[in-house]
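Fair warning: this is a prediction, and the values are worked out from it, not measured in the lab. In what follows, every chain begins at residue 1, and chains take the letters A, B, ... in the order their sequences are listed.
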Amino acid sequence: MRISEADIRRVAELANLALTEDEVARMAQDMDGILQHIDKLSELDTTGVEPMAQVLFDAEETATLREDRERAPLSNADAVANAAVTSGGYYKVPKVIER
Amino acid sequence: MSLAGHTIDSIRAGLLAKKFSAQEFTRQALAHAEAENPKTNAYLTFAPERALNAARAVDAKIAKGEDPGALAGVPIAVKDVIVTRGVKTTCGSKMLANYVPPYDATAIIRIEEAGGVILGKTNCDEFAMGSSNENSAFGPVRNPAALDRVPGGSSGGSAAVVAQGTAVLSLGSDTGGSIRQPASFCGVAGVTPTYGRVSRYGLTAFASSLDHIGPFARTVRDSARLLQVMAGRDEKDATSAFAPVPDYAALSGDLRGMKIGMPREYFDGLASDTGDRIMAAVDMLKNLGCEVRDIHLPHTPYAVACYYIIATAEASANLARYDGVRYTTRSSNAHTLSEMYRLSRDEGFGDECKRRIMLGTYVLSHGYYDAYYVKAQKVRGLITRDFAQAFEQVDAIVAPVSPFPAFRIGEKMNDPVSMYLSDIYTITGSLAGIPCMSVPCGVTPGGLPVGLQILTKHFNEMAMFRVAEAYERASTN
């Protein structure tokens with residue numbers, strides 16, 4: 001196995017996912033299969049190859065900067081319209097710090 | 001009224017000759033689409049009010065003697081990962097089951113400015129993650145060509161509505177083949193333009209360096225015209241390209257002397273039901289005057305591994321925004337902030353999303369970043385270089401889209417690796433960011449559609465459309 005159930009729990013914590021015990025077991029199996037295939041990349045010698053982060057085209061460095069002009073923002077009502085819980089135009093979340 | 005016999009031109013002609021008004025046409029199109037939809041589950045939401053408003057604007061322009069626009073009165077369906085102001089946009093996910101966006105994607109704005117009529121939103125794999133449309137929280141889509149089979153994915157609904165005659169055109173999104181593969185499975189044309197050719201503003205982010213919006217249509221010409229309307233720089237997407245947009249519909253039809261490459265790596269071991277159709281298409285291209293030669297894209301066998309690292313890494317970051325706060329869904333079982341994040345995400349995301357978030361988080365995590373993520377970015381560079389070298393020898397590349405035609409619903413659901421591997425022929429073009437499309441090239445002995453993939457170099461959509469249209473004309477005569 002390339003990945004243990006303990007690894008899965010650690011990664012789930014990083015990803016903010018609360019996996020059930022069932023999901024942890026299945027995920028370990030699935031990810032192991034995928035990682036096994038992914039290991040194929042180690043066959044390739046990539047010394048001196050530049051990592052390609054983006055499809056890039058020739059343009060001036062400042063080409064993507066737009067004119068700085070005033071315009072109306074999204075309204076407060078629109079901004080919070082899809083929130084799960086709001087209060088007085090704000091997002092409402094569970095208490096962060098216990099007193 | 002089925003829309004199967006209609007094109008952009010036929011609708012325009014009907015409107016200008018006053019055979020029908022845009023509003024009448026839209027009402028009939030909506031009624032037909034709503035009645036037919038239970039057969040395929042391809043539409044998730046209809047937008048009658050929005051559609052009729054758009055149609056009314058077209059009628060008003062015609063009444064005033066103004067040009068009603070390049071897409072006047074044309075019924076168009078939109079994949080449910082592209083946001084539409086005031087019209088629910090679910091991304092095929094329980095997480096966004098009630099999400100109503102406060103803005104429109106740039107592509108949507110441009111379509112409506114051109115007189116297009118958006119009928120509704122189409123089903124897809126959750127957050128565009130899948131190759132069969134079976135990962136939708138709202139049930140699978142059935143392939144109109146064979147109702148027990150998948151339409152492909154992730155833009156399965158958008159391919160299906162065009163094939164079914166419940167839309168004339170549709171929009172999909174492609175990250176690793178999500179337009180071309182369903183186009184091939186359903187027997188319609190589907191286009192992935194050059195990365196950056198169409199603004200991604202309003203396309204729900206899956207893997208930002210790979211995501212594209214692109215058109216589906218019954219004919220190559222109509223797909224080119226829809227791309228025409230959407231293409232071009234948009235200041236709201238910094239990665240959208242400045243390159244001028246040529247007139248894509250100016251198709252000469254003459255392929256004499258054109259050099260076409262056949263990558264050996266895409267044909268070795270290809271099953272005959274698909275392979276025979278592709279080879280027949282290659283023969284036809286030879287008859288049309290193309291010079292066909294063998295080429296090599298040697299890094300092809302590494303593409304799936306490369307893609308599933310880069311795409312999942314980007315997805316794990318992009319999907320972090322679904323946190324139980326801003327996007328409608330929050331777990332009712334959560335009492336603390338941390339529980340709110342974790343339970344909301346566990347309850348809101350389906351299995352495939354979780355798998356990809358987990359894989360992406362893993363390949364980006366401490367100790368694995370260089371071995372997986374940076375390595376994959378280097379391999380992406382090699383795959384892109386393969387194409388650049390090939391295009392020094394040939395004007396276009398032809399290949400299969402998928403190793404097999406549409407499979408049965410449920411057939412491949414339990415083996416994620418084999419599902420991922422089936423994306424091999426489409427992933428390479430996505431990684432390189434080059435234009436590529438699927439054009440129908442007949443059916444297997446079992447009657448299932450097969451697609452021919454045509455790939456060209458960056459911003460040379462013209463050559464891709466030329467080959468596709470000449471082939472389409474020759475093969476349907």
Side-chain angles (χ1 to χ4, degrees), chain A residues 3 7-8 10-20 23 26-27 30-31 33-44 46-60 63-67 74-75 77-85 91-98, chain B residues 99-100 102-103 195-196 209 235 238-239 241-243 299 301-302 304-306 308-309 316 320 323-330 334-337 339-346 349 354-355 357-359 361-362 365 372 374-382 384 416-417 420-421 432-433 458:
Chain A
I3 190 159
D7 293 332
I8 295 288
R10 182 182 59 86
V11 175
E13 203 170 301
L14 291 173
N16 266 318
L17 282 170
L19 301 182
T20 63
E23 283 179 316
R26 246 186 314 135
M27 197 67 81
D30 289 349
M31 276 183 59
I34 299 163
L35 290 171
Q36 195 177 327
H37 175 75
I38 281 175
D39 275 352
K40 197 175 165 60
L41 293 188
S42 59
E43 292 168 11
L44 277 178
T46 50
T47 320
V49 181
E50 272 296 301
M52 177 177 165
Q54 183 65 269
V55 183
L56 288 179
F57 307 109
D58 292 335
E60 293 289 319
T64 57
L65 301 181
R66 62 167 172 76
E67 199 190 327
L74 200 62
S75 71
D78 277 347
V80 299
N82 281 289
V85 187
Y91 297 115
K92 196 171 175 186
V93 297
K95 205 185 285 179
V96 180
I97 302 167
E98 293 293 336
Chain B
Y99 177 61
V100 181
Y103 69 107
Y195 179 81
S209 81
E235 71 172 24
T239 62
F242 289 90
H299 294 95
Y302 302 95
V304 173
C306 172
Y308 277 94
I309 292 172
S316 71
D323 55 3
V325 179
R326 291 162 291 167
Y327 293 94
T328 66
T329 302
R330 179 181 298 182
H335 304 292
T336 66
L337 189 71
E339 273 179 13
M340 178 197 73
Y341 293 143
R342 298 170 61 179
L343 292 173
S344 300
R345 289 163 64 77
D346 189 54
F349 289 134
K354 287 181 199 168
R355 209 151 36 216
I357 291 170
M358 288 289 290
L359 186 62
T361 306
Y362 181 73
S365 66
Y372 287 121
V374 177
K375 181 81 179 182
Q377 288 187 315
K378 290 180 177 179
V379 175
R380 185 177 184 184
L382 293 173
T384 305
V417 177
Y420 293 176
L421 287 171
H458 292 123

How close do [X] and [Y] get, counting heavy atoms only, and between which atoms?
X: A:I8; Y: B:M358; value: O-CE, 3.4 Å
X: A:L17; Y: B:D346; value: CD2-N, 4.2 Å
X: B:P102; Y: A:L74; value: CB-CD1, 4.0 Å
X: A:A84; Y: B:G324; value: CB-O, 3.5 Å
X: A:A15; Y: B:R345; value: O-NH2, 3.0 Å
X: A:P94; Y: B:R330; value: CD-NH1, 4.0 Å

For this session: For the pair B:K375 (side chain) and A:L44 (backbone), establish whether a donor and an acceptor sit closer than 3.5 Å, ignoring hydrogens and angles.
Result: yes

Exercise. So B:K354 and A:E23, salt bridge (Lys or Arg N to Asp or Glu O under 4.0 Å) or not? Walk me through it.
Worked result: CA-CA 10 Å; B:K354 287 181 199 168; A:E23 283 179 316; 2.6 Å; yes

Exercise. Can B:R342 and A:L19 be said to form a side chain to side chain contact (heavy atoms under 4.5 Å, CB included), step by step?
Worked result: CA-CA 8 Å; B:R342 298 170 61 179; A:L19 301 182; over 6 Å; no

For this session: Starting at CD of B:Q377, measure out to CD of A:E50 and round the result to the nearest 0.5 Å.
Result: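 B:Q377 CD to A:E50 CD: 10.0 Å, rounded to 0.5 Å.
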
Problem set entry | CD1-CG distance between B:I309 and A:L35, expressed to the nearest 0.5 angstrom |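 Interatomic distance, B:I309 CD1 to A:L35 CG, rounded to 0.5 Å: 8.5 Å.
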
For this session: Using a 4.5 Å cut-off on heavy atoms from C-beta on, say whether the side chain of A:Y91 contacts that of B:V325.
Result: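 Counting from C-beta outward, B:V325 and A:Y91 do come under 4.5 Å.
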
Problem set entry | Side chain proximity check, B:S209 to A:V55, heavy atoms < 4.5 angstrom | no

For this session: Could you go through the side chain to side chain contact (heavy atoms under 4.5 Å, CB included) check for A:Q54 and B:Y195 one step at a time?
Result: CA-CA 10 Å; A:Q54 183 65 269; B:Y195 179 81; 3.2 Å; yes

For this session: Identify which part of B:S344 has an atom lying under 4.5 Å from any heavy atom of chain A, answering side chain, backbone, both or neither.
Result: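 Interface part for B:S344: neither.
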
Exercise. Listed by chain and number, what are the ring pair (Phe, Tyr, Trp, His ring centres under 6.0 Å) partners of B:Y302, not counting sequence neighbours?
Worked result: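 B:Y302: no ring pair (Phe, Tyr, Trp, His ring centres under 6.0 Å) contacts found.
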
Problem set entry | Steps toward side chain to side chain contact (heavy atoms under 4.5 Å, CB included) verdict (B:L421, A:H37) | CA-CA 9 Å; B:L421 287 171; A:H37 175 75; 3.4 Å; yes

